[in-house]
Amino acid sequence: ANVCVRRGKWYYEARVHGNSIVHIGWCTKKFRHNERTGVGDCAYSWAYDGSRMGKWHRGQRQEYGGQSKWKSKDVVGCMLDLDA
C-alpha cells in the first residue's frame with residue numbers, strides 16, 4: 001500500500017493465498033522494501049506472521065497469537081490506533 005497516515009484509527013483486511021509465509025503489518029515512510037527486507041524486518045516496520053505464530057520488529061520474532069495458524073483463504077484484519 002502507499003497511504004500515509006498520521007492520526008486516527010486505520011484498518012485493512014488481506015486474504016491469505018496458499019500456505020506460504022506472509023507478514024502483514026505497518027511501516028513508517030523510512031521503511032525500504034527490497035528482496036531481503038519485508039515488513040517487520042527493520043526498525044521502521046511491525047508485522048504479524050500467522051504461519052509462524054509470531055509478531056516481528058527489527059527482524060526479531062516474538063511468539064504471539066492463538067493456537068491456530070493461518071490457512072489459505074483466511075481473511076486477516078490489521079488495525080492501527082494512532083490516537084492511543
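A donor-acceptor pair under 3.5 Å links the side-chain atoms of Arg61 to the main chain of Met53, judged by distance alone. Not a single donor-acceptor pair under 3.5 Å links the side chain of Asp49 to the backbone N or O of Gly54. A donor-acceptor contact shorter than 3.5 Å is absent between the side chain of Tyr48 and the backbone of Cys78. Counting only distance, with no hydrogens or angles, the side chain of Ser72 and the backbone of Gly18 share a donor-acceptor pair below 3.5 Å. Listed for the Arg36 side chain is no donor-acceptor partner under 3.5 Å among the backbone atoms of His33.
Put simply, the residue from His57, Arg58, His23 that forms a side-chain contact (heavy atoms from CB on, under 4.5 Å) with Asp41 is His23.
Taken from CE in Met79 to CH2 in Trp10, the straight-line distance is 11.0 Å, to the nearest 0.5 Å. Rounded to the nearest 0.5 Å, atoms NZ (Lys73) and CZ (Arg15) are 8.5 Å apart. Taken to the nearest 0.5 Å, the CZ atom of Arg32 stands 9.5 Å off from the OH atom of Tyr44.
Nearest heavy atom pair, residue Arg52 against residue Ile21, reads NH2-CG2, 3.3 Å. Looking at every heavy atom in both residues, Asp83 comes nearest to Arg7 through OD1-CB, 3.9 Å. The two residues Ala47 and Val39 make their nearest non-hydrogen contact at CB-O, 3.5 Å. Val75 and Glu13 make their closest contact through CG1-OE1, 3.8 Å (heavy atoms, listed as atom of the first residue, atom of the second, distance). Val22 and Ser51 make their closest contact through N-OG, 4.5 Å (heavy atoms, listed as atom of the first residue, atom of the second, distance). When all heavy atoms of Cys42 and Phe31 are compared, the closest pair comes out as SG-CD1, 3.5 Å.
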| How far apart are the C-alpha atoms of Trp26 and Tyr12, what are their side-chain angles, what is the distance that settles it, and do they pass the ring pair (Phe, Tyr, Trp, His ring centres under 6.0 Å) test? | CA-CA 10 Å; Trp26 300 90; Tyr12 70 90; 5.2 Å; yes
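There is a path of hydrophobic side-chain contacts, each under 4.5 Å, that joins Val76 to Tyr64. Put simply, Leu80 and Ile24 are part of the same group of oily side chains (I, L, V, M, F, W, Y) that touch within less than 4.5 Å, one to the next.
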